[in-house]
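For reference, the structure discussed in these notes is given below.
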Amino acid sequence: MPAAIGFSAPAAARQAAPMQADIVIYGCTSGGVIAAIEARRLDRSVLLVCRDDYLGGMTTNGLGWSDTGQHRAIGGLSREFYRRVKRHYDDPAVWVWSKRPDRATENFVDDDAMWQFEPKVAERIFEDWVREAGVTVVRNQPLRRDGRSVTRKGSRIVGFESRNGRRFAGAMFIDATYEGDLMAEAGVSFATGREANSQYGETLNGVQLGNTTNHQFTLDIDPYRVPGDPASGLVPRISGEKPAPDGSADKKIQAYTFRMCLTDVPANRVPFPKPRGYDASQYTLLKRYMDAGYRDFFRKFDRIPNGKTDTNNYGAFSFDNIGKNYGYPTGTDAERAAIVAEHVTYQQGLLWFMANDPAVPAETRAEMSKWGLCKDEFAGNGHWPREFYVREARRMVSDFVMAEPHLRGVKPTPKPIGMGSYNMDSHNVQRIVDERGFARNEGNIEVNPGRAYPISYAAIIPKRDEASNLLVPVALSASHIAYGSIRMEPVFMILGESAAAAASLAIATGRSVQDVDYDSLRARLMANGQVLSLPEGPR
């Protein structure tokens, strides 16, 4: 979770000489870690500056069932990460809590790589890897987000300052945060929320009530405190706002969550905590849904090694905290901390409710009681994931914006630096009362683009006059629905590597990132084993 909020550094600390490197990376997500490793492979000095004290973002915090799409589209250091995962699990001694699954298990092993893993294993791989590469990691240095933390000289960033007064200077900068915090502090244009379909010639952007069929209520559930009486008001976790027309823009954000690493191995199981402020009424809609016959709560307890899960949202009322994150992308540190805390209370409360509340069907309580947090994961954080799953926050707006027509191949994508292939995927954005007077979710889209598609170098560089030495491989320039496909951890690693290669070329040639010679960059990426194109066909 985000570092503790708010203190002012002493003047002496602010005046200390900055730490310097050829390439300074802010954000220790998987994309940031891989960017740092690539920078060192190119013999560049690098600073990897972390908001928190751990590496890997969601890859090391519960997202152990990788959203890969087509495996053959994943190359370079991203592929090497999954090779390292397989090498770890090839050792029979590491299977402590369960047997090794059959090779045919979905998304398990594919040739030289393995796509499922425990959070602690992913973290150990990253920690070992940055140490082998000689990366200088600076931890617990959240950016001071007050509009004055970034120093510029013309269009070039000179450096930035953390909340505790530590300063960092470099020739090139990479913003590898999920939130796009460094680019925003540097004055780079960005978007939040959903664009209208008309803006980029799309069909799946904006409000999507008509297309929201998955993770939807399959039974008619009354949303009113007194059933059938609108005058009584709405039960919690549903909005009284009328949705805008389908395809229209709004500033709402797809739901966030914590990806839960759970276990049903008694020797490694920690009971679910009852959160402070627990309120069973928050789950009234879910209770009514179960009373009506719903029993699919456990459908996304996806198995990863050693008797654990990557537990994701499933169904109409689950781990996604719909509608409670709209202020997060541009919120202050205090506002973000409050949103995170509310999500912890909601999600811990949901687990407690399902395992303990007598209103829950007895068979469901019995099943939920088999599960708990993992004793050997996140020990320093009460066995709770440290990273909040920010599926989408700010998205840079550059001269080129990846959009649905590029993913589908209707429009060309210039200067490829990697590929994506996952569904155009948005989780639900709001929960409303439909025209018939029942609860309904809006915003969930899961549409395959029909192919593995290239991602443009132009999408990770800002407009020339906004920043000439900054690359943004995570909060990149893409529409809401295109970002929904691109935003997968293997792709962030791919783009992080490509960003570092481009930064090194810019240093070598004395050019801005906008003027990097693409042919030279492409040659470097191909030599690294990056996949920049694929023939059409099955995964």
*E127 and Y54: side-chain donor and acceptor closer than 3.5 Å?*
no
*Is the backbone N or O of R436 less than 3.5 Å from a side-chain atom of D434, with the two atoms forming a donor-acceptor pair by type?*
yes
*Does any N or O in the side chain of T257 come within less than 3.5 Å of the main-chain N or O of F319, such that one atom is a donor and the other an acceptor?*
yes
_Test log, rule side-chain hydrogen bond (donor to acceptor under 3.5 Å, both in side chains), inputs Q199 and S479_ = CA-CA 9 Å; Q199 184 167 348; S479 72; over 6 Å; no
*Taking the six-membered ring for Trp and the single ring otherwise, decide whether the centroids of F272 and W352 are under 6.0 Å apart.*
no
_I'd like to know if the side chain of Y283 reaches the main chain of Y346, judged simply by a donor and an acceptor atom lying under 3.5 Å from each other, with no hydrogens or angles considered._
yes
*Between F258 and F388, does the ring centre distance come in under 6.0 Å?*
yes
*Are any side-chain N or O atoms of D175 and backbone N or O atoms of L182, one a donor and one an acceptor, separated by less than 3.5 Å?*
yes
*So, the side chain of E404 versus the backbone of N205: is there a donor-acceptor pair under 3.5 Å, distance only?*
no
_Donor-acceptor contact present, side-chain R259 to main-chain Y389, <3.5 Å_ = no
*Could you tell me whether the side chain of H383 and the main chain of C374 form a donor-acceptor pair under 3.5 Å?*
yes
*asked:* Return the CD to CG distance between E123 and N61, rounded to the nearest 0.5 Å.
replied: 7.0 Å
_So that I can confirm a possible disulfide, could you see if the SG-SG distance for C50 and C28 falls below 2.5 Å?_
yes
*Taking the six-membered ring for Trp, are Y256 and Y326 ring centroids under 6.0 Å apart?*
no
*Scan side-chain atoms only and decide if E342 and N321 contain a donor-acceptor pair under the 3.5 Å cut-off.*
yes
_Pair N312, D302: side-chain N/O donor-acceptor within cut-off below 3.5 Å_ = no
*E387/R51 ion pair, N-O < 4.0 Å*: yes
*Roughly how far, to the nearest 0.5 Å, is the CD1 atom of I304 from the CG atom of L63?*
9.5 Å
*Does R440 make a cation-pi contact with F217, if we ask for NZ or CZ under 6.0 Å from the ring centre and within 45° of the axis?*
no
*Measure from the side-chain N and O atoms of Q208 to the backbone N and O of N444, and report whether any donor-acceptor pair falls under 3.5 Å.*
no
_Under 4.0 Å between a side-chain nitrogen and a carboxylate oxygen: does that hold for R87 and E80?_
yes
_Is it the case that the side chain of R79 and the backbone of I494 share a donor-acceptor pair, with hydrogens and angles ignored and the cut-off at 3.5 Å?_
no
*Please indicate whether E435 has more than 12 foreign heavy atoms, meaning atoms of other residues, nucleotides or ligands, lying under 6.0 Å from its CD.*
no
*Y314-F301 aromatic ring centre distance below 6.0 Å*: no
*Examine distances only and state if a side-chain atom of Y26 and a backbone atom of L143 form a donor-acceptor pair shorter than 3.5 Å.*
yes
*asked:* Side chains of D320 and S318: any donor to acceptor distance under 3.5 Å?
replied: no
